[in-house]
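In this text the structure is predicted, and so the values were computed from the model without any measurement. Proteins get letters first, then strands, A, B, ... in listed order; numbering begins at 1 in each. We use all heavy atoms of the structure for the numbers below, so side chains are in, but hydrogens, waters and symmetry mates are not.
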Amino acid sequence: MSDPLAPQYDPAAIEADLYRRWLEADLFRADARHAGQRYVVMMPPPNVTAVLHVGHGLNNTVQDVLVRFERMRGKNTLWLPGTDHAGIATQNVVERVVAKEGQTRFDLGRERFEERVWTHVRETGGAILEQLKAIGASCDWSRTYFTLDPALSTAVREVFVRLYEKGLVYRGKYIINWCPRCLTALSNEEAEKQEVDGKIWHLKYPLVDGSGYITVATTRPETMLGDTGVAVHPADERYTALVGKSLRLPLVGREIPIVADDAIDPAFGTGAVKVTPAHDPTDFEIGRRQHLHSIDIMTPEARMAETVPDALQGLDRFEARKRVVEMFRELGLLAKVEDHRHAVGHCYRCHTIIEPRLSDQWFVKMAPLAKPALQAYRDGRLSFIPERRGDEYAQWMENIRDWCISRQLWWGHRIPVWYCDACGKTIVSRTDVTRCDCGSAVRQDEDVLDTWFSSWLVPFSSVGWPEKTADLKAFYPGQLLVTAPEILFFWVARMVMAGCEFMGDIPFSTVYLHGTVRDTQHRKMSKSLGNGIDPLEVVERYGADALRYTLVSGMSVGTDVILDPADLETSFAPRRNFANKLWNAGRFILTNLDGPTRPLAGHPNALRADEMTLADQWIIARCDATIRTATDAYAKFRLNDAASAVFHFLWSDFADWYIELIKPRLYGDAPGGDVARAIALRTFDVALRLLHPIMPFVTEALWQRIPGRREGTWLATASWPQPDARATTLTTGLSTARLSTADSAFALVQELVSSIRAIRAEYDVSPGKAVRVFVQHPGDVANAAFKAESGTIRRLAKVSDLGFGDSTDTVGGYAVLSDGTGVFVPLGDAIDVGRECGRLATEIARLEQLIGSQEKKLGNEQFVARAPAAVVEKEREKLVTWREQAGALSEKRARLGC
RNA sequence: GGGCGAUUAGCUCAGCCGGUUCAGAGCGCCUGCCUUACACGCAGGAUGUCGGGGGUUCGAAUCCCUCAUCGCCCACCA
């Protein structure tokens with residue numbers, strides 16, 4: 001605590017310093033020799049050039065909460081951080097920097113450009129990891145990795161070579177997804193499908209023999225320049241006579257055949273399809289089967305190549321589209337144009353429309369790898385939260401397609417393949433190759449590997465594989481992966497496959513997929529929309545604890561978190577206030593420990609159950625219940641439930657009630673002060689522990705001031721409170737039954753105090769004025785509780801006399817507690833009799849309505865016969881209580897003379 | 001085109017293996033309080049035909065069907 005008396009918690013003054021002290025104490029470093037149960041979490045490595053945004057904030061908060069929870073539970077915990085070299089993303093960033101200098105990467109050349117990227121990464125990279133410290137991330141920074149580290153490069157090559165030797169990596173000419181802006185191939189997963197409003201054009205191709213036309217339908221008319229055939233379904237009677245004939249391709253003049261192929265759906269469009277093998281995956285397959293040749297009509301930038309008529313050469317693909325349509329119209333060959341909504345692939349990095357392109361690329365054969373990864377899920381060894389995500393995973397695995405892993409970039413792991421132009425040999429090697437067996441110089445493949453080709457290995461490559469290191473042995477496999485659903489296929493599924501293939505075991509057993517942070521219009525937060533929330537700004541203004549609590553409480557399992565970027569105050573102030581509340585509760589407790597206190601169990605002078613007040617027993621019962629609820633919630637990933645359980649316990653039970661209850665005992669030498677101090681301190685200690693995973697800073701700051709704590713101990717590594725009452729040091733002698741009785745008995749005291757306060761408020765009794773109260777017809781439990789806590793009741797409700805039985809007064813406020821006990825507050829002149837009559841009448845009417853429906857329910861033979869006996873009995877009791885209450889209220893009305 | 005979620009107070013959300021801890025929390029709103037931990041607070045209060053319709057059941061926010069709106073995932077129908 002910077003200033004123990006500061007009435008306002010100042011996170012900025014505490015957090016950074018506290019984090020530094022955690023690091024100095026080396027609390028987050030995992031020990032490979034630790035014998036205990038391990039808990040390993042792989043952080044999804046952020047892009048090395050990334051800046052922390054609220055999505056990272058959410059993801060890492062969830063991980064940190066769970067890691068801190070398990071660390072306190074005594075597990076050998078490793079949260080492993082790292083950064084991803086992020087091929088396309090990083091290259092794009094640096095290209096933009098270079099562009100400001102008026103240059104392109106081609107101007108610089110491969111080597112110099114690569115050096116520029118390295119410089120950029122060295123200078124600005126990894127900043128995000130520093131930013132994670134601001135939100136309290138308890139990673140083992142000593143093991144931080146980068147996906148281009150030499151050790152990880154070794155793993156990448158090892159994997160590439162092994163897969164190649166197994167025949168699972170191959171090179172081939174296929175249609176791939178090409179981004180004309182990034183100038184590289186993309187995997188299927190990197191081509192994001194988006195619905196687009198487009199058109200479908202019907203084009204007429206004349207038969208060579210002049211006997212008519214065939215009309216084809218297309219969404220990309222410009223590709224007709226590369227057509228080498230037209231296909232129809234073999235059973236389509238409209239066209240059977242034409243199969244084998246030839247067409248004259250308009251604009252181009254090329255003669256192309258009409259072929260029959262099963263892939264054609266006769267019901268769609270005109271039933272005749274133009275075939276462009278070089279620019280469409282389906283057409284590529286048809287072309288192969290029908291022996292049609294391929295004509296590449298576009299440059300890598302998606303401009304019309306030299307293979308098209310002069311008039312169109314050099315045009316951008318969309319310009320060419322317009323021109324082609326115009327030309328068809330002019331020739332009278334445009335049959336019709338229809339609106340057509342369809343899914344089009346976009347580059348996941350720059351959102352440019354993908355162009356399917358025929359090229360030589362490297363692929364991984366996925367089906368054999370998917371098999372064991374799918375089996376792990378089917379066996380229940382791998383589970384997903386929320387569960388339904390597992391079905392998506394299985395579906396993807398079942399329909400998995402080969403993975404295009406080569407990228408035409410300069411930033412990344414260079415493909416470890418060398419070609420000998422002299423003898424034509426291809427050499428795949430773990431180490432660099434300069435010379436072929438034949439003696440000639442070799443050249444390395446120009447391409448680099450997909451970023452995810454290094455990411456999918458990190459669960460083992462980051463801990464030393466392929467070396468047999470102590471870390472690898474100690475920390476593989478891990479337990480948990482926490483990530484956003486977007487990268488389920490990019491990364492999560494592939495890690496499982498890699499784990500099965502190279503380690504013989506899945507890399508984690510649980511995958512927790514959390515939601516996305518969105519604005520109030522449910523749009524994803526993004527830089528381009530300007531609707532983002534800067535987590536660091538939130539940390540600065542409200543504290544990391546407030547940020548973390550808000551993110552955690554706004555999120556139930558698998559759902560999105562909605563926050564308003566335009567109103568940080570509404571989103572974050574409430575939790576900042578909670579931290580402050582906690583701070584002040586701590587201030588109060590810690591500054592009132594001066595008097596005598598009592599040792600806990602295990603000491604001759606230990607606290608005994610018979611010394612505790614009803615209130616003491618009640619807070620112990622509440623504390624115990626909160627330990628159970630919170631522990632269960634954390635363990636089941638219901639972090640919002642854990643948060644609200646501790647929130648309610650601390651604010652309502654502990655601060656609003658218990659602290660108020662014990663004040664008289666704390667001040668001066670009032671009897672029982674030693675008991676109250678011991679229980680208050682213990683309860684507060686437990687609450688700090690329960691809250692620490694979510695609000696690590698304020699809880700640690702307070703915990704460090706708790707007296708009697710061993711020097712050099714930290715809440716971050718303190719033990720988790722035990723949920724079993726008998727196991728706690730304090731409650732020895734208090735049976736669960738007794739705690740449970742105390743809980744419900746004290747609840748009646750609370751009810752009584754609240755009802756008196758409500759009557760006072762209703763009749764504007766001034767806060768300073770004491771009132772008399774009569775408790776009427778209390779049940780046994782209430783009677784004992786009210787007598788035991790009469791001092792409390794008098795003080796908290798400002799009561800001068802607490803009487804039991806009837807009052808001679810007739811005029812006053814009246815209430816009935818849930819157990820049927822009546823409460824009468826004589827108010828004499830202060831009361832408006834008409835108002836009280838009305839209030840009672842309303843209350844009676846409400847009760848009578850309940851009684852009516854209850855009588856009907858119990859009068860229903862079906863209900864009495866079919867519902868469980870216990871339920872019926874419970875309903876009968878309710879009816880009795882309501883009738884008593886209604887009777888008491890009516891009597892009251894009579895006495896008031898209503 | 002297939003599959004899956006969501007729809008509860010003005011806002012953001014709990015509750016959903018059926019029965020008063022079933023209509024809740026925080027914020028906002030109204031009233032009264034600067035009560036010696038906290039005005040980033042305390043006490044009291046108002047607010048909902050639980051998206052529409054139908055069904056199952058003695059009983060439905062909770063289970064089934066259907067419609068509407070929003071969202072997500074998958075898909076080579078040119």
Could you tell me whether [X] contacts a base, only the sugar-phosphate backbone, or nothing, with contacts defined as non-hydrogen atoms closer than 4.0 Å?
| X | result |
| --- | --- |
| A655(A) | base |
| T559(A) | sugar-phosphate |
| W651(A) | sugar-phosphate |
| K663(A) | base |
| S644(A) | nothing |

How far does the [atom1] atom of [N] sit from the matching atom of [M], given to the nearest Å?
| N | M | atom1 | answer |
| --- | --- | --- | --- |
| rG48(B) | rU7(B) | C1' | 14 Å |
| rG24(B) | rU47(B) | C1' | 13 Å |
| rG2(B) | rC27(B) | C1' | 41 Å |
| rA46(B) | rC73(B) | C1' | 43 Å |
| rG54(B) | rA14(B) | P | 28 Å |
| rG55(B) | rG18(B) | C1' | 15 Å |
| rC77(B) | rG59(B) | P | 49 Å |
| rC13(B) | rG71(B) | P | 14 Å |

Without decimals, in angstroms, what is the distance between [X] [atom1] and [N] [atom2]?
| X | N | atom1 | atom2 | answer |
| --- | --- | --- | --- | --- |
| D564(A) | rG26(B) | CG | C1' | 16 Å |
| F588(A) | rU36(B) | CZ | C1' | 10 Å |
| R576(A) | rG26(B) | CZ | C1' | 14 Å |
| L748(A) | rU21(B) | CG | P | 15 Å |
| R757(A) | rC33(B) | CZ | P | 17 Å |
| R587(A) | rC38(B) | CZ | P | 6 Å |
| F649(A) | rG26(B) | CZ | C1' | 20 Å |
| L650(A) | rC38(B) | CG | P | 18 Å |

Closest to side chain of [X], choosing from [options]:
| X | options | value |
| --- | --- | --- |
| Y667(A) | rA43(B), rC27(B), rA37(B) | rA37(B) |
| E660(A) | rC38(B), rA14(B), rC42(B) | rC38(B) |
| D641(A) | rC42(B), rA14(B), rG26(B) | rA14(B) |
| N584(A) | rG41(B), rC38(B), rA14(B) | rC38(B) |
| I562(A) | rG26(B), rU12(B), rA37(B) | rU12(B) |

Self-check item: Sequence-distant partners of R321(A), salt bridge (Lys or Arg N to Asp or Glu O under 4.0 Å), two or more places apart
Solution: E222(A)
Quiz item: Can you list every pair that meets salt bridge (charged side-chain N to carboxylate O under 4.0 Å, His left out) and has a residue in residues 258-272 of chain A, with sequence neighbours left out?
Solution: D261(A)-R289(A)
Practice problem: Output every pair passing salt bridge (charged side-chain N to carboxylate O under 4.0 Å, His left out) with a member in residues 556-567 of chain A, not counting sequence neighbours, ordered by first then second residue. | Solution: R518(A)-D560(A)
Quiz item: Under 3.5 Å, is there an N or O donor on one side and an acceptor on the other linking the side chain of K581(A) and the base of rC38(B)?
Solution: yes
Quiz item: Is a donor-acceptor contact shorter than 3.5 angstrom present between the side chain of R388(A) and the base of rC4(B)?
Solution: no
Quiz prompt | Closest-nucleotide 5' rank along RNA chain B - winner of P574(A) and A758(A) | solution = P574(A)
Quiz item: Can you tell me how far OH of Y377(A) sits from OH of Y393(A), rounded to the nearest 0.5 angstrom?
Solution: 9.5 Å
Quiz prompt | From N584(A) atom CG to I589(A) atom CD1, the distance as rounded to the nearest 0.5 Å | solution = 11.5 Å
Non-neighbouring partners of [X] that pass side chain to side chain donor-acceptor pair (under 3.5 Å), sequence neighbours left out:
| X | answer |
| --- | --- |
| Y239(A) | none |
| S187(A) | E190(A) |
| R238(A) | D236(A) |

Quick one: side chains of residues 394-401 of chain A, donor-acceptor pairs under 3.5 Å with protein atoms, not counting sequence neighbours, listed by atom name and distance.
from	atom 1	to	atom 2	distance (Å)
W396(A)	NE1	E189(A)	OE2	3.3
E398(A)	OE2	R378(A)	NH2	2.2
N399(A)	ND2	Q395(A)	O	3.0

Practice problem: Measure from NZ or CZ of R575(A) to the centre of the six-membered ring of F647(A) and say whether it is under 6.0 Å with the direction within 45° of the ring axis. | Solution: yes
Exercise. State plainly whether the residues D632(A) and R628(A) are in salt-bridge range, i.e. N to O under 4.0 Å.
Key: no
Exercise. Would you please classify the geometry between the F654(A) ring and the F684(A) ring as parallel, tilted or perpendicular, with 30° and 60° separating the classes?
Key: parallel
Quiz item: Dot-bracket for RNA chain B, 5' to 3', with Watson-Crick and G-U pairs under 3.5 Å, [ ] for crossing pairs and | for other-strand pairs: what is it?
Solution: (((((((..((((.....[....)))).(((((.......))))).....(((((..]....))))))))))))....
Self-check item: Contact pattern, 5' to 3', of nucleotides 69-78 of chain B - B, S or - by protein heavy atom under 4.0 Å
Solution: ----SSBBBB
Quiz item: Would you say rG44(B) has OP1 or OP2 under 4.0 Å from some side-chain N or O of S754(A)?
Solution: yes
